[in-house]
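See below for the structure under consideration.
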Amino acid sequence: MFTLEAIKTIKNSGTVAPSSKFLVKKMTNPIDDNDNVVIVEFGTGNGVITEGILDKITAKSQLLS
């Protein structure tokens with residue numbers, strides 16, 4: 001389903017496959033869950049990486065997507 005929708009909207013989505021759990025782990029690994037951080041995420045897509053970020057940050061941190 002994701003791939004078919006991505007192909008239909010390739011000019012807007014820029015992807016043909018969802019982000020893998022491996023990619024999410026690699027992208028969020030540098031985030032220290034004890035820090036008060038501000039993270040800016042561009043191109044939030046379907047939210048898989050956003051969810052990974054939210055799982056790592058503290059309540060005092062901010063995520064701007």
Side-chain angles (χ1 to χ4, degrees):
M1 187 68 143
F2 180 92
T3 304
L4 291 175
E5 189 62 30
I7 291 170
K8 288 181 196 176
T9 60
I10 192 70
K11 289 183 181 180
N12 296 326
S13 68
T15 185
V16 293
S19 299
S20 68
K21 290 179 183 180
F22 175 79
L23 176 63
V24 172
K25 186 174 181 177
K26 281 289 200 179
M27 295 285 292
T28 60
N29 194 37
I31 301 171
D32 185 354
D33 58 3
N34 295 318
D35 285 345
N36 181 10
V37 297
V38 176
I39 298 172
V40 178
E41 179 187 18
F42 293 100
T44 57
N46 64 356
V48 174
I49 294 178
T50 306
E51 289 176 12
I53 294 169
L54 290 171
D55 287 343
K56 298 250 344 203
I57 62 175
T58 66
K60 293 181 181 180
S61 298
Q62 290 184 7
L63 173 61
L64 307 171
S65 297

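- Among residues at least two apart or in separate chains, there is no side-chain hydrogen bond (donor to acceptor under 3.5 Å, both in side chains) pair with a member in residues 20-32.
- A search for side chain to side chain contact (heavy atoms under 4.5 Å, CB included) contacts involving Thr58 returns Lys60, Ser61, not counting sequence neighbours.
- For Thr50, the side chain to side chain donor-acceptor pair (under 3.5 Å) partners at least two apart in sequence or on another chain are Glu41.
- Taking Ile, Leu, Val, Met, Phe, Trp and Tyr as hydrophobic and joining them when side-chain heavy atoms fall under 4.5 Å apart, one finds Val24 in a cluster with Leu23, Met27, Ile31, Val37, Ile39, Val48, Ile49, Ile53, Leu54, Ile57, Leu63.
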